[in-house]
There are 2 protein chains.
Amino acid sequence: MTTTIKRRDTGVSLFHALSDVMRLEIMERLKDGEHCVCDLTEALKTGQSRLSFHLKVLKDAGLITDRPEGRWTYYALNREGLEELESVVQSLQVSRPRAGSSSRCP
Amino acid sequence: MTTTIKRRDTGVSLFHALSDVMRLEIMERLKDGEHCVCDLTEALKTGQSRLSFHLKVLKDAGLITDRPEGRWTYYALNREGLEELESVVQSLQVSRPRAGSSSRCP
DNA sequence: ATGAGTAATCAACATCCGTTGATCCGTAGA
DNA sequence: TCTACGGATCAACGGATGTTGATTACTCAT
């Protein structure tokens with residue numbers, strides 16, 4: 001089914017985007033609102049190039065948004081992405097209330 | 001804070017475990033209950049070695065459990081791991097209701 | 001005890017990912 | 001227009017990750 005495949009792929013990219021310490025730290029920082037790159041660079045004590053790389057991964061996954069303004073770019077959490085994440089996680093929950101083992105081998 | 005660091009690390013390993021198509025497919029299969037490896041090998045049409053590798057990743061992350069029985073090993077979803085995942089995902093939600101931008105650069 | 005079947009582990013290889021430093025692009029101020 | 005600055009992008013490198021085939025360990029049946 002195509003929608004299932006699509007769901008799996010977005011799942012993979014969402015989970016991959018979050019499978020890195022620095023990226024989780026970025027998400028953490030953005031929880032209280034928008035931040036510009038220079039702000040994050042200082043807060044996370046890292047190089048500009050590295051930060052830019054991770055921001056791109058998060059943005060491509062749809063978890064954050066960027067808002068260029070003049071010389072600066074502000075990043076913020078993306079509600080839609082987080083909702084999608086929630087939904088994918090929900091879909092991992094057990095569907096049948098594990099009524100004993102459902103496959104017998106011998 | 002130590003607990004925050006620990007939370008980040010478990011987050012990373014949970015997300016990493018789920019950032020792979022085959023591993024998501026395994027989770028999908030286990031939603032309806034226990035399955036033995038031979039069962040999954042056939043369902044996912046893959047080699048035994050490959051499957052075993054991915055099962056180990058999921059198990060190490062605490063997302064599934066194994067139950068050896070005789071010649072076979074049965075795998076199942078691990079509720080605790082899924083709850084931990086939920087909790088980590090919850091912790092990514094915006095904390096303050098984004099009252100405008102919280103950092104100004106110039 | 002031997003042989004067959006299940007599954008974990010290993011070594012080797014290929015690929016992907018993250019880091020770093022350099023470069024490029026766009027904007028703001030002189 | 002020239003310069004300085006913020007930030008994206010690129011190439012190159014090194015380390016991690018996934019794949020494959022072979023080996024090993026264990027269990028069951030004969």
Side-chain angles (χ1 to χ4, degrees), chain A residues 8-9 11-27 29-30 34-76 101 103-106, chain B residues 8-27 29-30 34-76 101-106:
Chain A
R8 263 201 288 272
D9 288 345
V12 167
S13 83
L14 284 172
F15 290 132
H16 168 254
L18 295 170
S19 67
D20 180 280
V21 180
M22 168 150 296
R23 294 200 284 268
L24 284 186
E25 281 173 351
I26 293 172
M27 296 292 286
R29 294 280 170 177
L30 295 182
E34 264 190 340
H35 286 273
C36 67
V37 176
C38 50
D39 199 348
L40 294 169
T41 310
E42 188 181 349
L44 301 179
K45 295 180 187 6
T46 185
Q48 179 267 320
S49 175
R50 185 156 94 113
L51 183 56
S52 197
F53 168 78
H54 290 295
L55 287 170
K56 182 168 163 50
V57 175
L58 288 170
K59 187 186 151 202
D60 288 349
L63 286 165
I64 62 176
T65 58
D66 62 341
R67 183 175 66 84
E69 183 181 311
R71 270 199 262 204
W72 295 275
T73 306
Y74 294 91
Y75 281 88
S101 44
S103 82
R104 306 268 73 213
C105 267
Chain B
R8 263 201 288 272
D9 287 345
T10 70
V12 166
S13 82
L14 284 172
F15 289 132
H16 167 255
L18 295 170
S19 67
D20 180 280
V21 180
M22 166 148 298
R23 294 199 285 266
L24 284 186
E25 281 173 351
I26 292 172
M27 296 293 285
R29 294 280 169 178
L30 296 183
E34 265 191 341
H35 286 273
C36 67
V37 176
C38 51
D39 199 347
L40 294 169
T41 310
E42 188 181 350
L44 301 178
K45 293 178 188 6
T46 185
Q48 178 267 321
S49 174
R50 185 156 94 114
L51 183 57
S52 197
F53 169 79
H54 290 295
L55 286 170
K56 181 168 163 52
V57 175
L58 288 170
K59 187 186 151 202
D60 287 349
L63 286 165
I64 62 177
T65 57
D66 61 341
R67 182 176 67 83
E69 182 182 314
R71 271 198 260 206
W72 296 275
T73 305
Y74 293 91
Y75 281 88
S101 44
S102 63
S103 82
R104 306 267 73 215
C105 267

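Chain letters run A, B, ... following the sequence lines, proteins first, then strands; residues in each count from 1. As a basis for the values below, the full set of heavy atoms in this structure was taken, side chains included, without hydrogen atoms, waters or symmetry mates.
The shortest non-hydrogen separation linking B/Val37 to B/Tyr75 is CG2-CE1, 3.6 Å. When all heavy atoms of B/Ala61 and B/Ser13 are compared, the closest pair comes out as CB-O, 3.8 Å.
Looking at B/Arg23 and B/Phe53, their side chains come closer than 4.5 Å, going by heavy atoms from C-beta outward. With contacts defined as side-chain heavy-atom distances shorter than 4.5 Å, the pair B/Glu25/B/Leu40 does not qualify. Residues A/Asp66 and A/Leu55 fail the side-chain proximity criterion, which asks for heavy atoms closer than 4.5 Å.
Listed for the B/Ser19 side chain is a donor-acceptor partner under 3.5 Å among the backbone atoms of B/His16. In this structure, B/His35 contributes its side chain and B/Arg29 its backbone to a donor-acceptor pair below 3.5 Å.
In this structure, the NZ atom of A/Lys59 is 10 Å from the C1' atom of D/dA8, given to the nearest Å. Rounded to a whole Å, the CG atom of B/Leu55 is 12 Å from the P atom of D/dT19. Between the CD atom of B/Gln48 and the P atom of D/dT20 there is a distance of 13 Å, rounded to whole Å. Computed from coordinates, the A/Leu44 CG to D/dG7 P distance equals 13 Å when rounded to whole Å. If you measure from atom CG of B/Asp60 to atom C1' of D/dT17, you get 14 Å, rounded to the nearest angstrom. The CG atom of B/Leu51 sits 11 Å away from the C1' atom of C/dA8 (whole-angstrom rounding). With rounding to whole Å, B/Lys56 atom NZ is found 9 Å from C/dT9 atom C1'. Computed from coordinates, the B/Arg71 CZ to D/dA25 C1' distance equals 14 Å when rounded to whole Å.
Under 4.0 angstrom from either OP1 or OP2 of C/dA8 there lies at least one side-chain N or O belonging to B/Tyr75.
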Could you list the protein-to-nucleotides 15-20 of chain C atom pairs, N/O on both sides, closer than 3.5 Å?
| residue | atom | partner | partner atom | Å |
| --- | --- | --- | --- | --- |
| C/dG18 | OP1 | A/Arg23 | NH1 | 3.2 |
| C/dG18 | OP1 | A/Arg23 | NH2 | 2.8 |
| C/dT19 | OP1 | A/Arg50 | NH1 | 2.3 |
| C/dT19 | OP2 | A/His54 | NE2 | 2.3 |

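Here A/Thr73 lies in heavy-atom contact (under 4.0 Å) with sugar-phosphate atoms only.
Across C/dT9, C/dA7, D/dG7, the shortest atom-to-atom separation from the side chain of A/Val37 is found for D/dG7.
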